[in-house]
Undergrad: 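What follows is a structure written as structure tokens; I'll ask about it next.
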Amino acid sequence: MRKVYLDHAATTPLLPEVREAMLPYLGELFGNPSCLHDWGDAAREAMDTAREQVAELIGASADEIIFTGSGTESNNFAVKGLALAQQGRGKHIIVSAIEHFSVLHSAKTLEKWGFELSEVPVDRYGVVDPDEVRKRIRKDTVLVSVMHANGEAGTIESIPEIARITRENNISFHTDAIASAGTVPVNVKELGVDALSLAGNQFYGPKGVGALYIRQGVRVMPLLDGGVQEEGRRAGTENVPAIVGLGKAAELATKDMASRMKHLGYLRDRLLNELPARIDHAVITGHPENRLPGNASFCVQFIEGESMLMLLNSQGVAVTSGSACTSRALKASHVLIAMGLSHEIAQGSVLFTFGIDNTEKDVDYVLEVLPPIVEKLRQMSPLYAKFIKKGEGGA
Amino acid sequence: MRKVYLDHAATTPLLPEVREAMLPYLGELFGNPSCLHDWGDAAREAMDTAREQVAELIGASADEIIFTGSGTESNNFAVKGLALAQQGRGKHIIVSAIEHFSVLHSAKTLEKWGFELSEVPVDRYGVVDPDEVRKRIRKDTVLVSVMHANGEAGTIESIPEIARITRENNISFHTDAIASAGTVPVNVKELGVDALSLAGNQFYGPKGVGALYIRQGVRVMPLLDGGVQEEGRRAGTENVPAIVGLGKAAELATKDMASRMKHLGYLRDRLLNELPARIDHAVITGHPENRLPGNASFCVQFIEGESMLMLLNSQGVAVTSGSACTSRALKASHVLIAMGLSHEIAQGSVLFTFGIDNTEKDVDYVLEVLPPIVEKLRQMSPLYAKFIKKGEGGA
Amino acid sequence: MPIYSEKVMEYFMNPRNVGEIDNPDGVGEVGNPVCGDMMTFYIKVKDKRLEDVKFKTFGCGAAIAVSSMVSEMAKGKTLDEAKKITPELVAKELDGLPKNKFHCSNLGAQALSKAIDSYLKKQAKGGKK
Amino acid sequence: MPIYSEKVMEYFMNPRNVGEIDNPDGVGEVGNPVCGDMMTFYIKVKDKRLEDVKFKTFGCGAAIAVSSMVSEMAKGKTLDEAKKITPELVAKELDGLPKNKFHCSNLGAQALSKAIDSYLKKQAKGGKK
Ligand SMILES: Cc1ncc(COP(=O)(O)O)c(C=O)c1O
Ligand SMILES: Cc1ncc(COP(=O)(O)O)c(C=O)c1O
């Protein structure tokens with residue numbers, strides 16, 4: 001059976017060059033970078049290189065990059081660390097309604113700790129209106145966190161406009177660029193943010209490593225206390241092989257970004273353009289233009305996403321549904337609901353995310369196997385029966 | 001030049017079997033374990049196995065193991081998470097004076113958050129007297145954290161006795177077993193603890209992964225908020241290759257522990273026994289019997305540790321000095337100071353930690369190269385000059 | 001490990017008794033799109049036995065497997081026997097269900113029970129059989 | 001990357017002017033074991049110039065390299081010139097020092113200065129030269 005991996009939003013495979021770069025650090029060069037001997041020196045040198053590579057990817061300087069253990073850690077660190085460092089000035093924070101749970105739930109934890117939280121809504125395309133951020137700013141607002149791109153809907157936000165507003169109001173601004181950094185151009189200077197999260201496993205780098213950009217001079221409370229690694233801002237023996245891999249992945253992403261984007265965009269457009277002819281009552285989600293190149297997300301009406309993805313899996317196609325992959329919850333994706341979709345439609349979400357190894361043939365295969373799956377599930381669906389009989393629930 | 005790595009307390013190399021076990025997960029099996037397709041299934045299955053292997057190492061059940069990104073994260077998670085989960089009951093915690101900074105500084109952060117902190121002193125061998133813990137218990141004490149073994153002094157603490165006291169008083173007890181788990185027998189049932197930290201890179205497993213044992217039924221506040229990974233207690237895409245490696249390392253440690261301990265103990269004893277004949281005014285630190293088998297720590301009087309380790313490095317020998325390796329600070333190790341050593345003596349700390357690949361020849365080489373190094377530095381030392389002229393400062 | 005047992009997968013991939021019954025003796029509907037699963041059970045009763053059981057389900061893999069299993073378990077049973085099919089029994093027959101799926105997806109027994117109730121109510125009001 | 005420059009390593013591995021001077025014209029002692037570094041500088045003065053400079057140092061690699069560099073920089077200089085050796089100049093000559101080492105280990109210039117002061121004091125009291 002053909003095996004087609006179309007779940008690059010969940011995680012990407014390692015590029016062979018990235019794996020090659022990591023292997024020595026899983027072997028001979030196993031030293032702890034804090035140590036003052038040859039083994040330590042080699043590890044430290046490798047980290048310095050990786051830090052330059054990551055800085056280069058996002059237009060930062062190397063000493064503005066802090067390595068972390070995951071994208072989630074970067075987000076927790078940024079949201080909690082920036083808020084706590086400034087609680088003397090105020091205890092109000094603003095986040096968008098479609099943030100990843102690692103931002104949303106960090107914000108909820110801050111609420112438990114006495115902060116107040118405002119959520120900014122999005123429009124039907126998942127776009128945050130900068131004016132909606134402005135409206136929520138108060139005297140005691142210390143932090144705004146709005147993601148750069150949503151991995152699920154694919155929508156890319158207007159970060160520079162929001163940054164202009166936070167700057168005018170002297171408020172820290174963090175953006176979660178985990179779904180976008182390494183995939184589309186992300187430049188901290190152009191975005192104008194104070195902090196930015198990214199993760200290796202989103203662009204053919206390893207799991208178990210993320211990075212947080214903190215603009216020079218911005219204070220942040222550590223999330224992990226202990227030794228003086230990362231200038232005392234993130235304690236713990238560094239995951240050198242993974243950091244090396246992240247660096248290499250960043251280098252390759254910088255170099256190949258344009259051609260990758262072209263390839264992914266082509267595959268995505270091919271799928272989305274062909275879809276209506278093959279499946280009726282499918283609702284494409286996310287912004288039509290400002291979206292991640294590899295992201296094809298839509299909802300198939302009258303059926304549920306998980307059963308769709310299980311049947312796709314039985315045909316060798318790996319995809320995800322809504323936020324099922326990260327939440328394993330039964331609830332519809334909070335992102336799609338925030339975009340105004342009904343629960344009924346949001347339950348039918350399915351997310352195809354292309355990677356650099358995918359081909360046209362993969363798209364054709366999906367277009368071949370998906371329609372009968374949809375048909376099979378619709379034949380089982382009481383909602384479809386109602387629609388057919390009474391025209392109920394059509395979108 | 002001979003290269004001799006004697007800094008296994010800082011980090012250990014990967015065993016070839018561990019690396020082999022990891023490689024597929026850096027290749028084909030790159031899936032995200034939260035995903036409901038074949039790639040996700042394979043990753044989930046690998047994590048299940050690793051969880052069993054780690055549980056087996058410490059006599060826990062698999063669902064009591066939470067994977068983290070480092071030993072430091074495990075300690076931060078345990079200390080902050082257990083204290084915060086119980087703050088309704090009281091806001092007083094107790095830690096020993098020789099805890100690793102990842103515990104001590106987590107406790108200091110809790111102090112900033114309104115907790116009160118008591119530190120338990122140690123004797124000259126670095127031993128915590130359980131009665132000293134008992135004396136500090138108050139009505140509002142919710143957490144005690146005393147390490148199982150100190151990586152620097154090598155001393156192993158009387159955890160079961162302390163656990164008896166905390167149990168009688170209905171107080172949570174966490175132990176940092178990062179320096180000992182995988183090296184000496186560690187059984188959570190026999191120790192009687194509620195929580196225990198361990199880390200992969202201390203026993204020939206990978207960096208970037210740790211584990212926290214939390215006894216069934218004990219509540220802990222997440223440190224990393226986000227998705228529902230690890231039953232909602234530790235969010236973030238799991239570092240599958242590292243977790244697999246940790247599992248494999250745990251399996252091998254369980255199997256080979258007795259023979260490893262014998263080998264390490266032999267090398268350590270050989271070094272410590274031969275030392276006095278080669279170097280006068282060397283003070284062996286840590287407990288004479290209850291100590292980690294690979295740990296040979298001592299202070300060489302009248303000279304300073306970093307310069308000693310740099311000269312050793314120039315001879316191909318990698319060691320560490322006091323906590324230089326994790327702190328890169330100039331201050332003497334807080335552990336040695338807590339054990340009652342003067343700053344002058346504590347500055348001369350040097351720490352040899354053996355690993356399973358070391359041989360008798362390595363010990364002999366150290367015994368050959370160290371004395372001239374000590375001699376060279378003493379010839380430079382104003383303290384040694386004073387001692388020779390006036391007998392000042394001898395211990 | 002796959003989150004579903006082989007049996008769940010088998011009942012999901014090859015669901016038994018999918019469909020509707022024309023002029024059913026009872027119909028039971030449970031669930032809603034917010035919780036993520038909806039099931040409709042149709043029954044045909046003869047001599048106090050479930051002569052035929054069919055269902056339509058909107059929902060995840062577990063929900064479809066559960067419906068499929070319930071329909072199979074119920075078919076041929078007396079009404080009293082069928083009423084004794086509990087979610088726990090269904091899960092057991094399926095070699096277990098993931099913890100987080102137990103409550104929301106395991107509505108099959110309830111839908112069947114509702115269908116039987118609707119039949120009994122009709123009967124009480126003086127229906128045909 | 002090694003935390004020390006090659007030059008620091010060279011001056012640490014092969015320190016210049018280690019030792020004491022018999023009947024020195026001036027002695028300067030700085031530091032203490034708590035901070036981790038101690039240095040003693042000995043000087044011999046002739047015609048207002050540092051004819052000889054020697055040191056003893058207890059401390060880390062940086063402290064030894066700094067002492068070594070200061071002694072070399074000072075030798076042959078007039079007292080006034082030698083007084084102008086600053087920690088910044090020493091660090092520069094050594095191609096830099098790690099941030100966290102700058103303050104505590106970079107005491108060499110201070111020790112030398114103290115030694116010169118002790119000489120000048122002796123002079124003022126009516127010493128020999
Ligand atoms: C936008 C965004 N933020 C955060 C995360 C969390 O990253 P991780 O699960 O790798 O920690 C993801 C994961 O895909 C994401 O897409
Ligand atoms: C006792 C102890 N606790 C905690 C740690 C911190 O572990 P890591 O730096 O790997 O996070 C160490 C490291 O050696 C240790 O020895």
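We name chains A, B, ... by the order of the sequence lines, and we start the count at 1 in each one. In what follows, every heavy atom counts, from backbone to side chain, and hydrogens, waters and symmetry copies are set aside.
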Undergrad: For K108(B), is it the side chain, the backbone, both or neither that has a heavy atom under 4.5 Å from a heavy atom of chain A?
TA: neither

Undergrad: Locate the shortest heavy-atom distance separating E238(B) from K207(A); write the atom from each residue and the value.
TA: O-CD, 3.3 Å

Undergrad: Counting only heavy atoms closer than 4.5 Å, note whether N239(B) contacts chain A via side chain, backbone, both or neither.
TA: both

Undergrad: What part of V319(B) gets closer than 4.5 Å to chain A, counting heavy atoms only: side chain, backbone, both or neither?
TA: backbone

Undergrad: Which bit of L224(A) is near chain B, if near means a heavy-atom gap under 4.5 Å: side chain, backbone, both or neither?
TA: both

Undergrad: Indicate yes or no: at least one non-hydrogen side-chain atom of N76(B) is less than 4.5 angstrom from one of L223(A).
TA: no

Undergrad: Where does I243(A) contact chain B at under 4.5 Å (heavy atoms): side chain, backbone, both or neither?
TA: neither

Undergrad: Can you tell which part of V103(A) gets under 4.5 Å to a heavy atom of chain B, answering side chain, backbone, both or neither?
TA: neither

Undergrad: Quick check on the interface: out of G208(B), G210(B), P206(B), who has the most heavy-atom pairs with chain A under 4.5 Å?
TA: G208(B)

Undergrad: Side chain, backbone, both or neither: which part of N75(A) has a non-hydrogen atom closer than 4.5 Å to chain B?
TA: neither

Undergrad: If you draw a 6.0 Å radius around CZ in R219(A), do more than 12 non-hydrogen atoms from other residues or ligands fall strictly inside?
TA: no

Undergrad: Side chains of T237(A) and T72(B): closer than 4.5 Å at any heavy-atom pair?
TA: no

Undergrad: Can you find a heavy atom in the side chain of L26(B) that is under 4.5 Å from one in the side chain of L26(A)?
TA: yes

Undergrad: Out of G71(B), S70(B), S106(B), G69(B), return the one with the most heavy atom pairs under 4.5 angstrom to chain A.
TA: S106(B)

Undergrad: Which residues satisfy the side chain to side chain donor-acceptor pair (under 3.5 Å) test with K3(B), sequence neighbours excluded?
TA: D38(A)

Undergrad: To the nearest 0.5 Å, tell me how far M310(A) CE sits from H37(B) NE2.
TA: 12.5 Å

Undergrad: At a heavy-atom distance under 4.5 Å, which candidate from E28(A), E73(A), H105(A), K80(A) has the highest pair count against chain B?
TA: H105(A)

Undergrad: Distance from L36(B) atom CG to T320(A) atom OG1, nearest 0.5 Å?
TA: 7.0 Å

Undergrad: Does the side chain of F30(B) reach to within under 4.5 Å of the side chain of T11(A), using non-hydrogen atoms?
TA: yes

Undergrad: Measure Y5(A) against the heavy atoms of chain B and call it side chain, backbone, both or neither at under 4.5 Å.
TA: both

Undergrad: Looking only at heavy atoms and a cut-off of under 4.5 Å, which of G232(A), P16(A), G236(A) has the most pairs with chain B?
TA: G236(A)

Undergrad: Heavy-atom distance under 4.5 Å to chain B: side chain of A242(A), backbone, both or neither?
TA: neither

Undergrad: Among A318(B), G316(B), P222(B), who wins on heavy-atom pairs under 4.5 Å with chain A?
TA: A318(B)

Undergrad: Say you draw a straight line from CG of L84(A) to NZ of K112(B); how long is it, rounded to the nearest 0.5 Å?
TA: 9.5 Å

Undergrad: Counting heavy-atom pairs under 4.5 Å to chain A, which of T109(B), T68(B), V317(B) comes out on top?
TA: T109(B)

Undergrad: Non-hydrogen atoms of chain A under 4.5 Å away: do they reach the side chain of L312(B), the backbone, both or neither?
TA: neither

Undergrad: With a 4.5 angstrom heavy-atom cut-off, is it the side chain or the backbone of L23(A) that approaches chain B, or both, or neither?
TA: side chain

Undergrad: Which pair of non-hydrogen atoms, one from D7(B) and one from C35(A), has the smallest distance, and what is that distance?
TA: OD2-SG, 3.4 Å

Undergrad: Please classify the contact between T12(A) and chain B as side chain, backbone, both or neither, with a heavy-atom cut-off of under 4.5 Å.
TA: backbone

Undergrad: Please confirm whether the backbone N or O of A10(B) pairs with a side-chain atom of N32(A), one donor and one acceptor, at under 3.5 Å?
TA: yes

